[in-house]
Amino acid sequence: MGSSSSSIDNIPNAQEIMQETGFSAAHLLRLYERFQFLDRDQTGKLRPEDFGALRELAMNPIGDRIIGAFFSPGQETVDFPSFVRILAHFRPTDSNRTREGPQQEPANSRTRKLKFAFQLYDQDRDGKISRAELLQVLRAMLGLQVTEEQLQSIAERAIQEADLDKDDAISFDEFRKSLEKVNIEHKMSIRFLR
Amino acid sequence: MAALWTLSLLFSTCLGCLGLTPPAELPQPHNQPPSLDFNSSDGGLSVDLPMALRVFSVDYHHVQAPFEIVLWIMLASLAKLGFHWSGRVPAVVPESCLLIMVGLLVGGVIYGVRHSAPPTLSADAFFLFLLPPIVLDAGYFLPGRLFFENLGTILWYAVLGTLWNVLGIGLSLYGVCVLAQSSLGDVSLLHCLLFGSLIAAVDPVAVLSVFQEMHVNEQLHILVFGESLLNDAVTVVLYKLFESFLRLPSVSGLDVLLGGCRVVVVGLGGLFVGLFFGLVAALTSRFTSRAQVIAPLFVFLYSYLSYLTSEMLHLSGIMAIVTCAVTMKQYVEANVSERSNTSIQYFLKMWSSVSETLIFIFLGVSTIQDVHMWSWPFVCSTLLLCLVWRATGVLLLTAVVNKLRRNAVTFRDQFIIAYGGLRGAICFSLVFLIDDFPKKRLFITTTIVVILFTVFVQGMTIKPLVELLDVKRKKRALPTVSEEIHSRLIDHLLAGIEDVVGYWGQHYWKDKFEQFNKKYLRRFLIREDHQARSSILRVYQELERREQRGEEEAPPIVDPRSHSRPLLPEEMDSIRRILSRNLQNFNNKMPAYSRHTLHQDTTTGKTRRPLHRHQSLGERYTCNTITHWSQEDREFDGSHRVRAGLSRSHTVCSISPRPILQDSSIPAASAQTGPADPKSSAAREDRISPQHQIPVGRAPKKHLSFVLENEK
């Protein structure tokens, strides 16, 4: 464990959060300290500017989308439980899930991870990645290197490959199917958060 | 181009002729005055007139040393110019090969003219004068973040890989010598180990020059390059260790243990020397505001001093100079003026370019000598063993390290790492430094053969072989375009989440360092008036520079296709090529350090941009939508790159309506505009635009996105 129980008691609802997300007490404590570090004005909530202060994140091509993913639609701030819930997506997948008996799937299941990634594309939350949304992300990632025509053809190809029902957009199921050969559990996990 | 070649040949002949006659004998063609030796002529007047004043005379002896040095450098530079004008040749043959060939040619000419060996590359000249500029250039332009992210893997390859290679090659060679008792019986185990230690090391100069031609993704580039830099510590220590063992009457286990400690001492010692000098240089640059012209000089002086100091203490000079450059870079860039920064970069590139060219030419020249001793089994087995041990080493190490990395080192990458392990001038100089023993000539010959083989054969064939590998890979199931794109998105996502979490390990230490940096170092080492904006300025200037180094231009924006049609196979091929080349570029750019290009100044407007930008710097960070740039960019100057730069930087931030602020050390102006919401972003843009003159729409759009670009 390594964490004194008095510190874990400072975190409100610690037990419920641990139960829900699967984080151990030690991790939860560290995340709490990190939360407090990020929370510059000590309001107990994070705002987008707090995330923006992380320089590398700011320079990430999809940094703003990542930050946006922490905030629920319409919310301007993130409190600690929400913070942890988002990060729970990135725990390594437990190989045996016998002890899990929650009502919903654990946050770090493959489906939930994929859903998180899907929502990075789908900013308008309509459940589909439209061509325009795909192009936006491609532009962000490929940037200067690629001409506009090439971008168009790449997006074209991606949609052709994935779009099975020919609605010119990628739904979540199509997204999941196109990634079935990729080891998402390994790729989308931060080892340290086990 | 033909003129350049003739000039080069002319110079080489000059060199040969000048070397021909020792200076003392050089005739001094002064104007022969009419014979004043009246004594011998009519005996009437025996007047001894003094020698008349020499109107014209040649005194070569006076300027011999610098003259010859300049001629060599001139030859090297003209040869380099010639290559770049020679059409398709540079695409097939790497520059290093061509330079060695020129060297061979010059060496042959000199040998033919003088009938004795041409001047060889002395180890001292190499280590003290030719190597430091190259390593300094490499260190100064090292992509810091990429390097430190991959540092574990790099160290893994550098230390363990080199040890594996050295021991493997040394022991196997000893086995070969034992087997070929008749011809090689007098080569002892220690000699073999010594030879192994100097031949196993991958050379940064050679590697860099070959990788220029190949388009590898940045991660691979930094792995190979970082390995070649860091293995210097291991190589030098092992070399000196075995050399001192050779001098000892006997070697005990204690000596081996001490040798191991020495590796650590040498590596860390070099590191600390470099750190010390880097910090002192940063401090000095703080006070250069009143004498800006000599500011670049301090960069060079301190770096060179760190190199010399660590060489003096028998520590790793390469590590020292690289650490010095990496340390002082951010503070120096913040402290000195823009022009000084440009001067520093240009001089670094120039010197390292000259150095590299000279090294390769001398390698060629030094090959022509009398001292060769050939032995088929030794040479062939060395070549074979180098390849085999490197390949197995890379395979084994990668198998282990892939479990710990998120981005696995693919088989193609492994092939490039293994096959791209070129040897170069460091081996060559080290072999000359060996104490004399009967088979030293054999070692020299073998080293030259290995270097030539790796540079020529491996250097020329690596590109076609990699392309062949790509072709073969295509025949099997390829990742689809969707998979590649989504995987890359996930990579970015994970990098971002790691930043948020403060991933224990790398980012944890990085954050801690950044805090320490901000609190103490920057305050101490950077001029007061530059401190506030320097962190942003740093980022910003780096983006500027990288933009100006960018090579691709985006064409005018085309209307998006509204219909879909199946893609032709060649289009698919080009898509795959684009993705494989560009998706792995973590910084959205071609490899950042190109030996040969610094700026691509195609328009006059470009050089003015930084100055304009700085005024508008601290003012806003908000993002904007895509629609803005597509119309307004068209009216700017014809440089596509400007537009492309804007479009790239623009689109990055265009997506989210939320503004992103930098850290709190932002000037007050922006702090007011900081916490914004999307509605006011448009209004703010209108407010800002009237404030600037020429780059009226350009400047705001350009700098607003720098916060969101990947850093170096």
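Each chain gets a letter, A, B and so on, in the order its sequence line appears, and its residues count up from 1.
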* Salt bridge flag under 4.0 Å for residues A:K128 and A:E174 ->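 So A:K128 does not pair with A:E174 through a salt bridge.
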* A:I86 versus chain B, heavy atoms under 4.5 Å apart: side chain, backbone, both or neither? ->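 Contact with chain B is absent: no heavy atom of A:I86 under 4.5 Å.
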* Asked: Tell me, side chain or backbone of A:F175 under 4.5 Å from chain B's heavy atoms, or both, or neither?
  ->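 The side chain, not the backbone.
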* **Set of salt bridge (charged side-chain N to carboxylate O under 4.0 Å, His left out) partners for A:D79, sequence neighbours left out** =>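 So A:D79 forms no salt bridge (charged side-chain N to carboxylate O under 4.0 Å, His left out) with any residue.
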* Asked: Measuring from A:S109:OG to A:H89:NE2, what's the distance to the nearest 0.5 Å?
  ->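 The distance works out to 7.5 Å.
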* Asked: Going through the checks in order, is the salt bridge (Lys or Arg N to Asp or Glu O under 4.0 Å) test met by A:R176 and A:E180?
  -> CA-CA 6 Å; A:R176 187 170 34 184; A:E180 60 189 0; over 6 Å; no
* Can you tell which part of B:I490 gets under 4.5 Å to a heavy atom of chain A, answering side chain, backbone, both or neither? =>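 The side chain, not the backbone.
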